[in-house]
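The block underneath contains the structure these notes are about, expressed in structure tokens.
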Amino acid sequence: MTLTSHTPLAGVMGWPISHSLSPRVHSYWLKENGLDGAYVPLPVSPDNLEHALRALPKLGFRGVNLTVPHKERALSFLDYVSDVAARIGAVNTVFVSQDGALSGTNTDAFGFLENLRRNAPQWNEARGPVVVLGAGGAARAVVAALLDLDVVEIRLLNRTKEKADALAESLGGPINIIDWSEREDALDGSTLLLNTTTLGMVGQPRLELSLAALTKMAVVYDLVYAPLETELLSTARSLGLSTVDGLGMLFYQAAPGFEGWFGVQPVVTDGLRDSVLSTP
Ligand code: NAP
């Protein structure tokens, strides 16, 4: 591909950014669709976030994704923030309009749900309580999505209980806060278990949790995708439970940005997955 001064540009801002899989995802879609475009990793320190965002229109960018640690702080540097991003309290996708204005939205809730629907179509919100482990940024998007589905009950557990309390207070709805130490009992009767903590991720401690209290029809969904097959997912599979890994959420949350910047609705395929996993 030859880059020209007219090539549409997008990217991902984070600090650090070298770990991000987003450039692989968007580059795959650009190539698959034969589009002129480029998606680049942008290492932007927290101190430079506002200037970097404001420079996007001047540099000809159509927009960016935002990742750790920028998702929350970016809210105050944008001209428009969607209702869903304001409710979640974080922006992960920014669009530059023709007049240079910056609009931010959050596609994590969409990506979370789409991945669940595609990979565990048998699950539905009326089936019973959902257990959410964690109360960080990812948990806010997940809980907002579950509330929009009108789930019967969300059992929310976090090591730091005050953060779970704050999340429940800001989002409202049928959320029961349960102590982190009671996480195994909390699984009793639940139909969906979600890990939104960093536990089980490469370099992080294990998630210590027996799944014995889950029923056979329960779905276990881990947002962690490094490693792809977490200990939580392999344990669930060995018990005959359905599982959903975190890579699909990463793909589905990326799709609305790609469509807005490059004008084509991308498709999540096995080819994408294989390519992202095989790229060194
Ligand atoms: P975050 O805001 O930093 O939240 C981290 C969460 O993990 C908090 O609830 C924290 O509890 C908990 N935690 C950390 N260490 C713990 C420990 N030793 N024991 C118990 N709990 C612990 O991070 P995030 O942005 O929400 O991301 C969380 C995970 O989701 C990451 O693995 C990330 O890669 C993944 N994620 C995946 C996708 C996807 O597309 N698949 C999207 C977003 C995030 P405290 O509040 O007590 O610190």
Side-chain angles (χ1 to χ4, degrees), residues 12 14-26 46 65-74 85 88-93 106-116 118-120 131-145 154-168 170-171 175 177-184 186 193-209 220-233 243-258 268 272-273 276-277:
V12 54
W15 187 258
I17 197 59
S18 54
H19 67 284
S20 174
L21 295 180
S22 295
R24 296 186 196 178
V25 176
H26 290 271
N65 285 126
L66 298 173
T67 187
V68 178
H70 300 321
K71 288 184 180 186
E72 289 85 13
R73 275 189 69 237
I88 293 169
V91 168
N92 74 340
T93 308
N106 189 306
T107 63
D108 278 335
F110 166 80
F112 157 72
L113 267 191
E114 202 59 19
N115 192 33
L116 179 63
R118 305 278 178 147
N119 292 295
V131 173
V132 178
L133 303 178
R140 289 187 67 86
V142 163
V143 169
I154 297 171
R155 298 174 182 166
L156 183 62
L157 301 93
N158 194 49
R159 175 182 60 175
T160 311
K161 188 169 168 290
E162 294 71 29
K163 277 176 69 182
D165 290 335
L167 191 161
S170 74
L171 291 180
I175 302 177
I177 311 291
I178 299 176
D179 274 348
W180 181 248
S181 59
E182 289 170 26
R183 57 195 180 278
E184 286 173 6
L193 165 63
L194 290 155
N195 177 36
T196 79
T197 73
T198 49
L199 294 174
M201 202 177 162
V202 174
Q204 298 295 321
R206 297 175 57 224
L207 170 59
E208 290 177 27
L209 183 68
V220 177
Y221 185 161
D222 201 338
L223 266 66
V224 172
Y225 54 80
L228 189 57
E229 173 87 347
T230 58
E231 186 183 342
L232 173 67
L233 293 185
T243 59
V244 179
D245 68 49
L247 200 54
M249 175 171 167
L250 183 83
F251 296 154
Y252 289 110
Q253 65 78 31
F258 186 90
V268 174
L272 169 66
R273 200 177 169 86
V276 167
L277 290 175

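All ligand and atom numbering here is 1-based and tracks the order in the structure. Bear in mind that the values here come from a model prediction, so they are computed numbers and not experimental data.
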Note to self: Which residues pass the side-chain contact (heavy atoms from CB on, under 4.5 Å) test with Val68, not counting sequence neighbours?
What the structure shows: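 So Val68 forms no side-chain contact (heavy atoms from CB on, under 4.5 Å) with any residue.
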Check: Per the side-chain contact (heavy atoms from CB on, under 4.5 Å) rule, which among Leu194, Thr196, Ile88, Ile154 passes with Val143?
Finding: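 In the set Leu194, Thr196, Ile88, Ile154, the residue that makes a side-chain contact (heavy atoms from CB on, under 4.5 Å) with Val143 is Ile154.
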Notebook entry, point to check: Residues in ring pair (Phe, Tyr, Trp, His ring centres under 6.0 Å) with His26, at least two apart?
Noted result: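 Trp29, Tyr39, Phe258, Trp261.
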Next item on the list: Quick one: list whatever passes side-chain hydrogen bond (donor to acceptor under 3.5 Å, both in side chains) with Asp179, sequence neighbours left out.
Entry: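 Per chain and number, Asp179 pairs via side-chain hydrogen bond (donor to acceptor under 3.5 Å, both in side chains) with no residue.
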Notebook entry, point to check: Would the Tyr252 and Phe112 ring centres measure less than 6.0 Å apart?
Noted result: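 No - the distance between ring centres of Tyr252 and Phe112 does not fall below the 6.0 Å cut-off.
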Dump all N/O pairs between ligand 1 and the protein below 3.5 Å as a table: atom names plus distance, one pair per row.
| residue | atom | partner | partner atom | Å |
| --- | --- | --- | --- | --- |
| ligand 1 | 2 (O) | Gly137 | N | 2.9 |
| ligand 1 | 7 (O) | Thr198 | N | 3.3 |
| ligand 1 | 9 (O) | Ala135 | N | 3.0 |
| ligand 1 | 9 (O) | Asn158 | OD1 | 2.7 |
| ligand 1 | 11 (O) | Asn158 | OD1 | 3.2 |
| ligand 1 | 18 (N) | Arg159 | NH1 | 3.2 |
| ligand 1 | 26 (O) | Gly137 | N | 3.2 |
| ligand 1 | 26 (O) | Ala138 | N | 2.8 |
| ligand 1 | 40 (O) | Leu250 | N | 3.3 |
| ligand 1 | 41 (N) | Leu223 | O | 3.1 |
| ligand 1 | 41 (N) | Gly246 | O | 2.8 |
| ligand 1 | 46 (O) | Asn158 | ND2 | 2.8 |
| ligand 1 | 46 (O) | Lys163 | NZ | 2.9 |
| ligand 1 | 47 (O) | Arg159 | NE | 3.0 |
| ligand 1 | 47 (O) | Thr160 | N | 3.0 |
| ligand 1 | 47 (O) | Thr160 | OG1 | 2.5 |
| ligand 1 | 48 (O) | Arg159 | NH2 | 2.9 |

Note to self: Closer than 4.0 angstrom, basic N to acidic O: yes or no for Asp108 and Lys71?
What the structure shows: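 Salt bridge: yes.
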